[in-house]
Student: 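The structure follows.
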There are 2 protein chains.
Amino acid sequence: MTPTRVRLIDAAARLLDEGGTTAVTLRAVGRLAGVSHNAPYKHFAGKEDLLAAVAARELGDRGARPDRSRAEPDARQLMHAYVRWALRYPARFKLTFGAWSPGSAGSGIADLAAAAAAARSGLVAAVERGQAAGELPAGDPDRVAALALAVAHGAADLALNGHLSPAGKGHARPQDLVDDLFDQLGRQLPARCRCG
Amino acid sequence: MTPTRVRLIDAAARLLDEGGTTAVTLRAVGRLAGVSHNAPYKHFAGKEDLLAAVAARELGDRGARPDRSRAEPDARQLMHAYVRWALRYPARFKLTFGAWSPGSAGSGIADLAAAAAAARSGLVAAVERGQAAGELPAGDPDRVAALALAVAHGAADLALNGHLSPAGKGHARPQDLVDDLFDQLGRQLPARCRCG
DNA sequence: ACCTGAACACCGTTCAAGT
DNA sequence: ACCTGAACACCGTTCAAGT
């Protein structure tokens, strides 16, 4: 709300993009925002809370974007967008979906939890539309959504950490793994096929 | 090789298990190992190289264990073991499959790359056995293995970070997602079903 | 070869003041 | 209410010595 608060978040996000997670120090954030090195403590509970505010804003921006271009994206497109975002902004991805200590209760962490819940429900809604259209198997939509997210998240994280494509064997791009899953999910037995 | 080197790795692993990744400081490692706070620099290029040595040993131990109890584990069992290990030792999991700067070339990092390659080839071999037994779909075994690993890794990582089961809705245990994938992979159209 | 102690430039966080 | 400067207890890393 207050201008210096958003200035601090801006500075932290910029440092994150430029120098990775290790470059985001409270002192550098204050320096870049034009305040003293401990002014952040008047706006955030500490370093972790400031980082949570950055993650919450990033998650909110990501959720707000696809709504304009396309009213009802399908689950496959959402997971492709997820992977694309992770590969393009590795530091934001690692921060947003990294570990958040459940005990601490700063304002930024609360915002982050709410933004994450909103993103999750959007994916579940897309899965339900896919099930209604017969493109995805029946069953608990929360669980199908979790499976899709697990593949996208795991593929992106493994790729970023160099654990996916061993030696230039091009065939393990994370987007391909997302497609493999959805192709497999779409290949379920149709109702008319009872020849078993 | 040298005794102090393994003592330093022991100390780092113990600090990692007890206090998480932030507890592993070079000074605390030296203290626990009974040497000065910068003796590690005679055995490792720096902090990252010591951590890589810890990760390489962990990965090697994980690879050596299942060989005794079961000669040829299948891919599903390997992925279940992967998830079980990640949930039980979160800090080791995050360290082992975390980010390793590709530029640096310490001895520990080289060991880690070799151990990761060995683990990967073991999974690919299990996938090939599953394909031969008709339990897994045909196609590039490297890619099927990558899909299985992506689900296991993503499910474990999301679960550890609280992004999987939203509000006590029990139905998103990472092991269940691994089963969902393998159940789906086993539900491929049999050759005799040509009624489409 | 292996280890030590002092030193340097950082860091997060706290605290007593300032306006 | 918001910000500042000094201070505390750390940290990784380097360096000149010691044996």
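Per chain, numbering begins at 1; letters A, B, ... match sequence-line order. Keep in mind it's a predicted model, so treat the numbers as computed, not measured.
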Student: Give the stems involving DNA chain C, where a stem is 3 or more consecutive Watson-Crick or G-U wobble pairs (i with j, i+1 with j-1, and so on) under 3.5 Å.
Tutor: C:4-8 with D:12-16, C:12-16 with D:4-8
Student: Between dC2(D) atom P and Arg5(A) atom CZ, what is the distance in whole Å?
Tutor: 11 Å
Student: Each nucleotide N or O in nucleotides 11-15 of chain C that has a protein N or O under 3.5 Å away: list the pair and distance.
Tutor:
from	atom 1	to	atom 2	distance (Å)
dC11(C)	OP1	Thr25(A)	OG1	3.3
dG12(C)	OP1	Leu26(A)	N	2.9
dG12(C)	OP1	Lys47(A)	NZ	3.4
dG12(C)	OP2	Leu26(A)	N	3.1
dG12(C)	OP2	Arg27(A)	N	3.4
dG12(C)	N7	Arg27(A)	NH1	2.3
dG12(C)	O6	Arg27(A)	NH1	3.2
dT13(C)	OP2	Tyr41(A)	OH	2.8
dT13(C)	OP2	Lys47(A)	N	3.1
dT13(C)	O5'	Tyr41(A)	OH	3.0
dT13(C)	O4	His37(A)	NE2	3.3
dT14(C)	O4	Asn38(A)	ND2	2.6

Student: Going by side-chain hydrogen bond (donor to acceptor under 3.5 Å, both in side chains), name the residues that satisfy it together with Asp179(A), two or more places apart in sequence or in a different chain.
Tutor: Arg76(A), His80(A)
Student: For Arg57(B), which residues count as a salt bridge (charged side-chain N to carboxylate O under 4.0 Å, His left out) partner, sequence neighbours excluded?
Tutor: Asp10(B)
Student: Can you tell me the distance, in whole Å, between the NZ atom of Lys42(A) and the C1' atom of dT4(D)?
Tutor: 11 Å
Student: Strictly below 4.0 Å: does Thr4(A) bring a side-chain N or O up to OP1 or OP2 of dC2(D)?
Tutor: no
Student: Give me each pair satisfying salt bridge (Lys or Arg N to Asp or Glu O under 4.0 Å) with a member in residues 77-87 of chain B, each pair once, sequence neighbours excluded.
Tutor: none
Student: According to the side chain to side chain donor-acceptor pair (under 3.5 Å) rule, which pairs have a member within residues 89-99 of chain B, sequence neighbours left out?
Tutor: Asp17(B)-Arg92(B), Glu58(B)-Arg92(B), Lys94(B)-Asp157(B), Lys94(B)-Asn161(B)
Student: Return the set of residues passing side-chain hydrogen bond (donor to acceptor under 3.5 Å, both in side chains) with Ser36(A) (not counting sequence neighbours), or none when no residue passes.
Tutor: Asn38(A)
Student: Which residues satisfy the side chain to side chain contact (heavy atoms under 4.5 Å, CB included) test with Ala115(A), sequence neighbours excluded?
Tutor: Leu59(A)
Student: If the condition is side-chain hydrogen bond (donor to acceptor under 3.5 Å, both in side chains), which residues does Arg14(B) pass it with, not counting sequence neighbours?
Tutor: Glu18(B)
Student: Roughly how far apart, to the nearest Å, are dC2(D) and dA17(C) at atom C1'?
Tutor: 13 Å
Student: Taking only Lys NZ, Arg NE, NH1 and NH2, and the carboxylate oxygens of Asp or Glu, determine whether Arg143(A) and Asp180(B) approach each other closer than 4.0 Å.
Tutor: yes
